[in-house]
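A short write-up of the structure that comes next.
Throughout, protein chains are lettered first and strands after them, A, B, ... in sequence-line order, and every chain is numbered starting at 1.
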Protein chains: 2
Amino acid sequence: MPPTEVTLKDIARAVGKSVATVSKALRGHADISPEMRALIAQTAAEMGYTPNITARRLQKKRTDAIGLILPVQSARRADPFFTELLTGIANEAARHNFDLLVSARTPGSDEREAYRRLAAERRVDGLIIAQPRRNDWRIEFLTTRHLPFVVAAHQPVPPHPAVWVNAETGILQAVVHLVEENRRQIAFIAPPTDLLFHQTAVRAFGNAIAAQPELSGGIVSDLTEMSQKEGYRAAQHLLAESPPDAIVACHDLVALGAMKAAQDQGFEIGDDIAVVGFGDILLAEYSQPPLTTVHRPTDTLGQHACRLLLAAIGAIEDSPPPAEIEPWLVVRQSSNLEFWV
Amino acid sequence: MPPTEVTLKDIARAVGKSVATVSKALRGHADISPEMRALIAQTAAEMGYTPNITARRLQKKRTDAIGLILPVQSARRADPFFTELLTGIANEAARHNFDLLVSARTPGSDEREAYRRLAAERRVDGLIIAQPRRNDWRIEFLTTRHLPFVVAAHQPVPPHPAVWVNAETGILQAVVHLVEENRRQIAFIAPPTDLLFHQTAVRAFGNAIAAQPELSGGIVSDLTEMSQKEGYRAAQHLLAESPPDAIVACHDLVALGAMKAAQDQGFEIGDDIAVVGFGDILLAEYSQPPLTTVHRPTDTLGQHACRLLLAAIGAIEDSPPPAEIEPWLVVRQSSNLEFWV
DNA sequence: AGTATAAACTTAAACGTTTAAATTGTCAAG
DNA sequence: CTTGACAATTTAAACGTTTAAGTTTATACT
């Protein structure tokens with residue numbers, strides 16, 4: 001049913017030359033005469049030729065595709081972070097004529113299978129690993145397979161190639177801001193302990209607190225998952241006994257859940273208690289009250305990760321992008337007394 | 001650097017047979033003796049053989065890949081709807097050993113180029129079109145190219161293959177609920193007019209209103225984009241003069257924006273004014289107050305769309321999935337007086 | 001005139017599969 | 001002991017590119 005594809009052979013027949021000539025003409029090789037090159041280009045255009053990338057891939061032994069496997073808990077609970085990361089990667093990949101293969105898997109055996117598929121069957125030239133974990137088997141897997149990869153993270157991941165948003169300075173900014181707002185009892189809802197992000201975040205929070213002479217100390221609470229639900233639960237616990245006057249959350253969704261927990265217990269957000277998130281997802285601006293949060297340029301993260309990966313693959317020879325991306329604090333009503341005067 | 005791939009040729013050499021024998025043995029053809037088949041299977045496993053899918057694709061003239069191009073306004077404004085749709089598609093595709101190629105483009109010339117790439121260069125065997133528009137050039141393009149596609153929509157899209165969430169009954173449920181809550185002045189914030197969803201939604205709302213003898217009539221307001229920002233703006237206008245006592249929005253994000261607008265103007269949501277969304281994104285449950293909304297099983301939509309596409313491609317011979325998916329209303333605080341007693 | 005050089009091509013092999021058709025050998029039936 | 005059938009395997013071509021190496025023809029230099 002589809003009109004059969006035009007191949008180099010067809011063009012060769014049409015212009016009465018060999019397939020090799022046509023191929024070289026179209027690729028702009030120097031050893032084809034300018035007239036012939038023009039003729040072939042025109043004929044190709046007239047016949048509606050488009051190269052068969054599969055054949056090209058076989059010949060070149062490159063797929064010109066990269067992969068991304070989203071670690072999602074379920075379809076519904078997909079994190080806005082990933083969407084932003086994905087669009088960043090997708091745009092950059094498209095700019096360089098690369099395909100982006102996407103899978104969405106729950107961490108576990110399914111996920112392993114997805115990596116096996118992409119890596120072992122060489123469906124892609126490289127992968128981007130999002131949200132690295134402690135002793136991440138994905139990193140180990142790809143390393144032993146010699147498949148290029150780049151980690152999109154919140155801290156360096158030596159000795160592996162990575163791009164990261166500086167979570168440390170982000171969290172520091174949040175704490176400094178809260179101190180300026182005269183908050184003295186700051187709690188931190190930390191990422192799940194199996195994430196690399198956990199250690200970085202907890203350390204950063206600890207350092208930030210230690211650097212503030214006004215503060216006695218901080219309370220840290222962990223999550224099993226960065227979701228509203230978990231944020232709600234964690235905040236409930238924090239508020240149950242000697243409630244803090246500020247909460248910093250490792251993720252906006254968590255902050256939103258925490259805010260709701262506080263509200264349900266009768267706290268006035270921004271007055272009785274301040275809440276600060278991390279990420280600045282689009283919704284942060286539209287929560288009630290609007291959420292103060294650390295803006296993470298997630299699509300830039302994806303874009304840089306993609307560029308670094310393409311450089312590692314050898315597909316581009318631009319200078320590599322900066323590895324570290326600085327986040328910044330966006331102050332809104334959930335932490336700012338002035339809004340309440 | 002990567003350990004050179006094991007090919008059929010290597011296995012053939014190892015067992016002293018021809019490449020054809022090995023190929024057929026591994027594919028389970030009947031004309032290879034059972035012993036030889038076993039030997040080859042074992043040898044292949046020992047040598048760590050994995051088929052080269054590019055070669056296979058060239059030979060079979062199929063890519064075993066499908067494409068999805070997300071129409072996004074920007075990385076940051078990516079719609080949770082697409083994420084859910086994507087995971088639904090991705091999971092189903094993976095089940096059938098298909099790759100999913102994803103691109104994210106702003107509607108316009110970039111988007112065209114993305115379709116050209118995937119379609120003309122035959123990088124995929126088929127595509128899923130999300131959020132169909134009026135006189136959708138994407139549909140026309142794929143039709144003339146004879147590339148299989150399926151539309152994921154909110155209504156049938158004759159004569160094209162489609163899967164849809166029944167927006168009509170969803171909106172009807174919302175209106176009926178509001179009437180039961182004694183709302184009499186119901187406004188509707190409709191989708192952008194360039195979407196097919198627009199007509200369906202407006203018609204459905206009109207019919208729903210007409211079927212309720214208690215109601216005088218409904219007010220309809222349009223958007224340029226289904227975002228919080230636009231929802232905010234639209235609601236501001238609605239509330240400026242003779243405010244309605246209920247607002248139905250075509251999208252949860254829009255509803256969230258509308259809710260905020262109402263709150264900013266001093267309305268008490270759920271009391272002075274009811275707000276109902278469409279979609280039931282995860283956040284709906286965690287807004288303040290929680291949002292009453294029409295639950296759209298978006299990942300099911302993606303899953304069914306994928307199955308239908310695979311069937312159209314001829315990759316599976318299951319009976320096609322049901323084309324229509326029924327949404328249901330989830331009542332929460334933003335529309336329910338009981339919460340306020 | 002003879003030789004080197006260059007320009008403009010063509011030939012042929014390769015990438016790793018799949019599969020229709022051909023080949024070889026074995027065995028049973030006539 | 002010939003014929004035919006069948007099982008097990010091989011041969012060869014094909015999928016559509018790319019590219020190293022080879023060929024032809026024209027031009028320039030000695």
Side-chain angles (χ1 to χ4, degrees), chain A residues 2-41 43-44 47-65 97 120-125 314-315, chain B residues 2-41 43-44 47-65 97 120-125 314-315:
Chain A
T4 73
E5 289 297 299
V6 179
T7 70
L8 289 184
K9 203 195 261 182
D10 300 320
I11 302 177
R13 200 177 304 121
V15 300
K17 295 286 157 176
S18 76
V19 168
T21 304
V22 177
S23 171
K24 290 200 278 192
L26 291 174
R27 317 223 73 227
H29 280 228
D31 61 353
I32 304 293
S33 70
E35 307 83 51
M36 188 47 71
R37 224 186 296 171
L39 171 64
I40 288 176
T43 313
M47 299 179 70
Y49 170 77
T50 53
N52 179 317
I53 37 118
T54 305
R56 179 125 81 192
R57 285 170 173 178
L58 177 58
Q59 158 66 34
K60 293 267 194 135
K61 298 187 129 202
R62 298 182 29 166
T63 63
D64 282 0
N97 248 286
E121 299 182 359
R122 304 253 156 188
R123 285 167 193 266
V124 295
D125 293 332
Chain B
T4 74
E5 288 297 299
V6 178
T7 70
L8 289 184
K9 202 195 260 182
D10 300 321
I11 302 176
R13 200 178 303 121
V15 300
K17 294 286 156 177
S18 77
V19 169
T21 304
V22 175
S23 172
K24 291 201 276 191
L26 291 174
R27 317 223 71 226
H29 281 227
D31 61 352
I32 303 295
S33 68
E35 309 82 51
M36 187 48 69
R37 222 185 299 169
L39 171 63
I40 289 176
T43 312
M47 298 178 71
Y49 170 77
T50 54
N52 179 317
I53 37 116
T54 304
R56 178 125 82 194
R57 285 171 172 177
L58 178 58
Q59 158 66 33
K60 293 268 194 133
K61 299 186 130 204
R62 298 182 29 166
T63 64
D64 282 2
N97 248 286
E121 300 182 0
R122 306 254 155 187
R123 285 166 193 266
V124 295
D125 294 331

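Between B:Arg62 and B:Ala315, the shortest heavy-atom distance links the atoms NH2-CB, 3.7 Å. What you find for B:Ala14 and B:Met47 is that their closest heavy atoms are CB-SD, 3.9 Å. Contact detail for B:Ala44 and B:Ile11: the closest heavy-atom pair is CB-CD1, 3.7 Å. Between B:Ala12 and B:Val22, the shortest heavy-atom distance links the atoms CA-CG2, 3.6 Å. Scanning both residues, B:Thr50 and A:Ala120, for their nearest heavy atoms gives OG1-O, 3.1 Å.
Here the side chains of B:Asn52 and B:Glu5 are not in contact, with every heavy-atom distance at 4.5 Å or above. With a 4.5 Å cut-off on side-chain heavy atoms, B:Leu8 and B:Tyr49 count as touching.
Distance check: B:Ile53 CD1 to B:Leu58 CG gives 11.5 Å after rounding to the nearest 0.5 Å. With values rounded to the nearest 0.5 angstrom, A:Arg13 atom CZ is found 13.5 Å from A:Thr43 atom OG1.
Remark: P of C:dC9 and CG of A:Leu39 are 10 Å apart, rounded to the nearest angstrom.
Residues that satisfy the side chain to side chain donor-acceptor pair (under 3.5 Å) test with B:Arg123, not counting sequence neighbours, are A:Asp99, B:Glu121.
Heavy atoms of B:Thr21 sit under 4.0 angstrom from at least one base atom. Residue B:Thr7 is in sugar-phosphate contact alone, with no base atom involved, counting any heavy-atom pair closer than 4.0 Å across all strands shown.
Residues from residues 22-38 of chain A with heavy atoms under 4.0 angstrom of DNA chain C, sorted by number: A:Lys24, A:Asp31, A:Ser33, A:Met36.
The footprint of chain A on DNA chain D, defined by a heavy-atom cutoff below 4.0 Å, extends from D:dG16 to D:dA21.
Evaluation of the side chain to side chain donor-acceptor pair (under 3.5 Å) test over residues 16-29 of chain B, restricted to residues two or more places apart or in two chains, returns B:Ser18-B:Thr21, B:Lys24-B:Asp31.
Side-chain atoms of B:Thr63 come within 3.5 Å of backbone atoms of B:Asp125 as a donor-acceptor pair (strictly under, hydrogens ignored). Between the A:Thr54 side chain and the B:Arg57 main chain, no donor and acceptor come within less than 3.5 Å of each other.
End-to-end axis angle of the helix from C:dA1-D:dT30 to C:dG30-D:dC1, using five pairs per end and rounding to 10°, comes to 70°.
With the nearest nucleotide of DNA chain D identified for both A:Val19 and B:Gln59, B:Gln59 has the one nearer the 5' end.
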Please produce a list of atom pairs where a protein N or O lies less than 3.5 Å from an N or O of nucleotides 23-27 of chain C.
none

